[in-house]
Amino acid sequence: MAIIILGIESSCDETSASVSIDGKIVSNIIANQTIHQNYGGVVPELASRVHQQNIIPTIHQAISDAKINKNQLHAVAFTRGPGLLGSLLVGVSFAKAFALALNIPLIQVNHMQAHVLAHFIAPKNSENYSPPTFPFLCLTVSGGHTQIVLVKNYFDMEIIGQTLDDAAGEAFDKTAKILGLPYPGGPLIDKYAQLGQPIYTFTEPKIADLNFSFSGLKTAILYFVRDNVKQNPDFLAQNMNNICASVQWRIVTILLNKLKKAAQQYQIKHIAIAGGVSANSGLRKELLSEAQKNNWTTYIPDFEYCTDNAAMIAIAGHYKYLNHDFVGQDITPQPRLIF
Ligand code: KG4
Ligand code: ZN
């Protein structure tokens, strides 16, 4: 009998629902929240209100696109954390009520582990997809996290490096704010960077081990912009593409230098990237170039499975279902959930 799982994701500002049948994603609906653009960042209270509005239609659509009936579901998997408490509460409460009403098991999923497990979703239009083989390294880079994860098995993961301050996505978004670009700025910096050259130098922070730091870069960019605009008020408008290319190049090289170090240290040649920032064209390009030089096999999820989505929750739920790893109705969200 095919195992059918409903995945629900509501950790930040995307309400998403997805259905998997025997580990294959058959629907993945993502409702984005545009309201935060007016505020330059995600406003937690607004995010949870919009989740409330979106959750039922999103789940309804995911079930209907999967061409199944809700009574065919075997389990409901949901993001327990990490994330914003009010946002998580909406998804967790709905998952609990839905599972109770259908009398099926509940499965809790760690959002960061799910980003890694997105690599086990076969990309669209690829018949012979081979997922990563264990052990592999995954650079998980999002608006809230920057981690190098040693993935020994589906749920046996170890964080071997992480940011000590800002996340890589935050570095993109905060830079965009300094440059006067709207939120979220990561995709826009990427767009402008592709039209420019990395002619401005920002120093690489010297951080021990496999850890990262991005807060110094943010300050360096702030001073760089302030000093140049003082001399030429049109500096930003005239040089936007080159500034974005320079910032992007620095963020990407900070990430890749640590990833190379980790690959050497752990003698691993299977390298994956995940999370919203893995959509970045510079990161993808440089990763492929490093792969050639170092003989790596690389894994990059489909764009739709890079940013926050419920397909990765459904796939994680599928593997947990196989392990009978269920939770009870007393489960609560955990904003600071770690592995
Ligand atoms: O994983 P995600 O969707 O949400 C979190 O869990 O944070 O990641 C969102 C982050 C934002 O910081 C956004 O600016 C960044 O990913 N991002 C990008 C790109 N697309 C999304 N950053 C750089 N280049 C991109 N193309
Ligand atoms: Zn995420």
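These values consider heavy atoms only, across backbone and side chains, with no hydrogens, waters or symmetry-generated copies. Order of appearance sets the numbers: ligands from 1, and atoms from 1 within every ligand.
Atoms of ligand 1 found under 4.0 Å from any heavy atom of Gly144 (numbered from 1 in listed order, with element): 7 (O). The Ser142 neighbourhood of ligand 1 comprises atoms 1 (O), 5 (C), 6 (O), 7 (O), 8 (O), with distances under 4.0 Å to a heavy atom of that residue. Close approach of ligand 1 to Ala279 (heavy-atom distance below 4.0 Å) involves ligand atoms 20 (N), 26 (N). Residue Gly169 has at least one heavy-atom neighbour below 4.0 Å for each of these atoms of ligand 1: 12 (O). Within the listing of ligand 1, atoms 6 (O) sit less than 4.0 angstrom from a heavy atom of His111.
Judged by distance alone, the side chains of Ser213 and Asp165 do bring a donor and an acceptor atom under 3.5 Å apart. With hydrogens and angles left out, the side-chain atoms of Asp308 and His115 include a donor and acceptor closer than 3.5 Å.
The shortest side-chain heavy-atom distance between Phe235 and Ile243 falls under the 4.5 Å cut-off. In this structure, Tyr183 and Val42 have side chains that are in contact, with non-hydrogen atoms separated by less than 4.5 Å. Looking only at side-chain heavy atoms (C-beta outward), Ile4 and His74 come within less than 4.5 Å of each other.
Checked against a 6.0 Å centroid threshold, the rings of Phe120 and Phe134 count as neighbours.
Residue Asn280 places at least one N or O, backbone or side chain, under 3.5 Å from an N or O of ligand 1. In terms of polar-atom proximity, defined here as any N/O pair under 3.5 Å, Asp173 does make such a contact with ligand 1. Between Gly186 and ligand 1, at least one pair of N/O atoms sits closer than 3.5 Å. Of the polar atoms of Asp308, at least one N or O is found under 3.5 Å from an N or O of ligand 1, judged by distance alone. Checking only distances, Gly143 does come within under 3.5 Å of ligand 1, N or O to N or O. For ligand 1, the polar-atom distance check against Gly276 finds a nitrogen or oxygen pair separated by under 3.5 Å.
In this structure, the side-chain hydrogen bond (donor to acceptor under 3.5 Å, both in side chains) partners of Lys174, at least two apart in sequence or on a different chain, are Asp166, Glu170.
Of the candidates Ile148, Thr140, Asn211, Val149, Asn211 is the only one forming a side-chain contact (heavy atoms from CB on, under 4.5 Å) with Gln162. Residue Ile271 is tested with Leu259, Asn294, Thr297 for a side-chain contact (heavy atoms from CB on, under 4.5 Å); the sole match is Leu259.
Annotation for Lys191: atom NZ does not count as buried by contact number, only 12 or fewer foreign heavy atoms lying within 6.0 Å.
Around the Zn ion (ligand 2), protein N, O or S atoms at a distance under 2.8 Å total 3; waters are neither shown nor counted.
Among residue pairs with one or both ends in residues 70-91, none qualify as salt bridge (charged side-chain N to carboxylate O under 4.0 Å, His left out); sequence neighbours excluded.
Neither the backbone nor the side chain of Gln248 has a heavy atom within less than 4.0 Å of ligand 1. Using a 4.0 Å cut-off between heavy atoms, Thr307 contacts ligand 1 through both its backbone and its side chain. Counting heavy atoms under 4.0 Å from ligand 1, residue His115 touches it through the side chain alone.
By the 4.0 Å heavy-atom criterion, Lys191 is excluded from the residues contacting ligand 1. Residue-ligand proximity: Cys12 is placed with every non-hydrogen atom at 4.0 Å or more from ligand 1.
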Next item on the list: List the steps, then state whether side chain to side chain donor-acceptor pair (under 3.5 Å) holds for Thr332 with Gln334.
Entry: CA-CA 6 Å; Thr332 49; Gln334 184 52 266; 5.9 Å; no
Notebook entry, point to check: Does the side chain to side chain donor-acceptor pair (under 3.5 Å) test come out yes or no for Gln194 and Asp190, once each step is laid out?
Noted result: CA-CA 6 Å; Gln194 290 177 56; Asp190 190 1; 3.1 Å; yes
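Among all non-hydrogen protein atoms, the one lying nearest atom 15 (C) of ligand 1 is Val277 CG2, 3.9 Å.
Around atom 26 (N) of ligand 1, the closest heavy atom drawn from Asp13, Leu283, Asp190 belongs to Asp190.
With a 4.5 Å cut-off between side-chain heavy atoms of Ile, Leu, Val, Met, Phe, Trp and Tyr, the cluster of Leu164 takes in Ile207.
Checking side-chain atoms of Thr79 against main-chain N and O of Glu9 turns up no donor-acceptor pair under 3.5 Å.
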